[in-house]
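Report on the following structure.
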There are 2 protein chains.
Amino acid sequence: MKGGRTKFAILSLLRLGPLSGAEIKDYCQSRFGQFWSESYGQIYPALNLLCEQGLIRKLEDDEIGKSKKYEILDTGRTFLREWVETPSSDRLVRDELILKMFSASMVAPETLLSEIESALSKNAENMAKIEFGIATLREMNAAKSDAGYWALILRSGQLMASARQAWLEEVLAHVQARAKN
Amino acid sequence: MKGGRTKFAILSLLRLGPLSGAEIKDYCQSRFGQFWSESYGQIYPALNLLCEQGLIRKLEDDEIGKSKKYEILDTGRTFLREWVETPSSDRLVRDELILKMFSASMVAPETLLSEIESALSKNAENMAKIEFGIATLREMNAAKSDAGYWALILRSGQLMASARQAWLEEVLAHVQARAKN
DNA sequence: CTAGACATGTAAGGAGTTACATGATTGC
DNA sequence: GCAATCATGTAACTCCTTACATGTCTAG
């Protein structure tokens, strides 16, 4: 399918209200960041495609010069709903740090420390973002039906991040122990 | 860099002994499956590239007709080691199921059940593979320095899979509760 | 010898990122 | 008006999968 899953990420966001390309990028980062990402190189072409296909439309610039906002159409909502009802493709993970673990015995343990620490701090950042997201969600008073699912998204981030933290700490301990000998 | 990280995945495996393209594919699936994957369309071109660059070599076919095996060279080992010492790129996750959660309120809860259940059973499969991997590792008596790191890889799979299971169960409970009303 | 299985290889195309170009807006 | 900023857009490139084509071994 042309435009792939980027189209659905965009439609998902537009369901809640009109957005511009840049806003879509921002929201992707802040709301989907842990498990999905899109770059401008995908977003802008996809927006044009969605327009051509009559799934969204460009809002007339009431205030000229402002960034172009796009609005989802009923056809777009239907398209989005059908996708939700369709079986998902497999989860894809690409984790270079774990791949390196496979050959980690080739290098001095000390060499690995900085990478593990930077992974830990990146993970801590993620956890903070998720906490912030949880706080925000409470104040958002979204439709109740949405709020439940969105909380589950954040919950997934929580569970994954704390599993990762636990793992990184085990790795750190192992590497430090090896460094001592 | 040409050939990207596929080259390193291949070199990582070849470090342990000569392998053919198909064996590399199998090993990727069984050992790296949870966090890395490669397809033939990447493996074969990468093998040729690695040969051209003098990092591996094709073994002479002592027994003709057998699948072509490739062996890592010292230059390849050095290249691999340097990569391990280099900062990693960010972890990438693409999880369509979670993306759908964002719009899940658009559909009847019952619609979601089969997807959740299939995600649960796929996850259970993964957990079983990891358990098998742990048992295998014990019998492999790999070099002790490798065994420690490899156990950590499996440990990561364990932690992630059980976090995911916990999450999927929460999702299931939520969806079932919504279905009752 | 032949059918099936399996390994190798490739071509086409979609997915995704990066770096750059353009044009408008805002603040000074 | 000028610089800085920001949104939009695009081109080039890498990454990755899929489907197909080819060749080779093996069982019967």
Side-chain angles (χ1 to χ4, degrees), chain A residues 1-10 13-14 18-29 32-33 35-53 56 58-70 83 88-96 99, chain B residues 1-10 13-14 18-29 32-33 35-53 56 58-70 83 88-96 99:
Chain A
M1 170 190 310
K2 201 80 185 263
R5 294 164 305 179
T6 300
K7 298 209 302 195
F8 298 113
I10 292 176
L13 290 169
L14 289 186
L19 294 173
S20 67
E23 285 169 324
I24 289 170
K25 172 89 165 105
D26 286 350
Y27 279 51
C28 263
Q29 199 114 39
F32 301 156
F35 61 88
W36 205 264
S37 66
E38 301 290 353
S39 57
Y40 285 127
Q42 290 168 268
I43 290 172
Y44 286 113
L47 282 171
N48 288 328
L49 206 60
L50 285 164
C51 275
E52 279 170 33
Q53 296 177 332
I56 64 175
K58 192 184 288 192
L59 286 185
E60 297 308 321
D61 6 35
D62 319 319
E63 302 139 330
I64 202 131
K66 288 255 168 168
S67 57
K68 305 175 199 168
K69 293 215 174 195
Y70 294 85
W83 166 72
S88 300
S89 61
D90 282 353
R91 200 170 123 86
L92 170 73
V93 182
R94 219 122 237 263
D95 194 326
E96 201 175 346
L99 188 57
Chain B
M1 171 191 313
K2 202 78 185 261
R5 293 162 306 179
T6 299
K7 298 205 307 193
F8 298 112
I10 293 176
L13 289 169
L14 290 184
L19 295 172
S20 66
E23 286 169 323
I24 289 169
K25 171 89 164 103
D26 287 350
Y27 279 50
C28 263
Q29 199 114 39
F32 301 156
F35 61 87
W36 204 264
S37 67
E38 300 291 351
S39 58
Y40 285 128
Q42 291 167 268
I43 290 172
Y44 287 115
L47 281 170
N48 288 328
L49 205 60
L50 286 163
C51 275
E52 279 171 32
Q53 298 177 330
I56 65 175
K58 193 184 288 190
L59 286 186
E60 297 309 320
D61 6 35
D62 320 320
E63 302 137 334
I64 202 132
K66 287 256 171 167
S67 58
K68 305 174 197 168
K69 294 215 176 196
Y70 294 85
W83 165 72
S88 300
S89 60
D90 282 353
R91 198 169 125 85
L92 171 72
V93 183
R94 218 123 236 260
D95 193 325
E96 201 175 345
L99 188 57

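Numbered from 1 within each chain, the chains take letters A, B, ... in sequence-line order.
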Checklist entry - Once you round it to whole Å, what is the distance between P of dT18(C) and CD1 of I43(A)? => result 13 Å
Checklist entry - Roughly how many Å is it from CD in E96(A) to P in dC16(D), rounded to a whole number? => result 10 Å
Please list, pair by pair, any protein nitrogen or oxygen found under 3.5 Å from a nitrogen or oxygen in nucleotides 7-9 of chain D.
residue: dT8(D); atom: OP1; partner: K68(A); partner atom: N; Å: 3.3
residue: dT8(D); atom: OP1; partner: K68(A); partner atom: O; Å: 3.4
residue: dT8(D); atom: OP2; partner: G21(A); partner atom: N; Å: 3.3
residue: dT8(D); atom: OP2; partner: A22(A); partner atom: N; Å: 2.6
residue: dT8(D); atom: OP2; partner: Y44(A); partner atom: OH; Å: 2.7
residue: dT8(D); atom: O5'; partner: Y44(A); partner atom: OH; Å: 3.1
residue: dT8(D); atom: O3'; partner: K68(A); partner atom: NZ; Å: 3.2
residue: dG9(D); atom: OP1; partner: K68(A); partner atom: NZ; Å: 2.5

Checklist entry - Do NZ/NE/NH1/NH2 and the carboxylate oxygens of E52(B) and K58(B) come within less than 4.0 Å? => result no
Next on the checklist: OP1 or OP2 of dC16(D) versus the side-chain N and O atoms of R94(A): is any pair under 4.0 Å?
Outcome noted: yes
Item to check | Heavy-atom check, side chain of S39(A) versus side chain of Q42(A), under 4.5 Å | outcome: yes
Checklist entry - With S89(A), which residues qualify under side-chain hydrogen bond (donor to acceptor under 3.5 Å, both in side chains), at least two apart? => result R5(A), E96(B)
Next on the checklist: Could you tell me if the side chain of L99(B) sits less than 4.5 Å from the side chain of W83(A), heavy atoms only?
Outcome noted: yes
Checklist entry - Would you say dG14(C) has OP1 or OP2 under 4.0 Å from some side-chain N or O of R5(A)? => result no
Next on the checklist: Could you report the tightest heavy-atom contact between R94(B) and E38(A), atom names first, then the distance?
Outcome noted: NH2-OE2, 3.8 Å
Checklist entry - Roughly how many Å is it from CD1 in I10(B) to P in dC16(D), rounded to a whole number? => result 12 Å
Checklist entry - Counting only side-chain N and O atoms of S39(B), is one of them less than 4.0 Å from OP1 or OP2 of dC15(D)? => result no
Item to check | Interatomic distance, K25(A) NZ vs dT18(C) C1' [rounded to whole Å] | outcome: 11 Å
Checklist entry - For dT17(C), does either OP1 or OP2 sit under 4.0 Å from a side-chain N or O belonging to Q42(A)? => result yes
Checklist outcome for this item: Whole-Å distance, W36(B) CH2 to dC15(D) P, equals 10 Å
Checklist entry - Heavy-atom distance under 4.5 Å between the side chains of I24(B) and L14(B), does that happen here? => result yes
Next on the checklist: Looking at every non-hydrogen atom in both residues, tell me the closest pair between L47(B) and G21(B) and how far apart they are.
Outcome noted: CD1-CA, 4.0 Å
Next on the checklist: What is the separation between atom CD on Q29(B) and atom C1' on dA7(C), rounded to the nearest whole Å?
Outcome noted: 16 Å
Item to check | Spacing between F8(B) atom CZ and dC15(D) atom C1', to the nearest angstrom | outcome: 15 Å
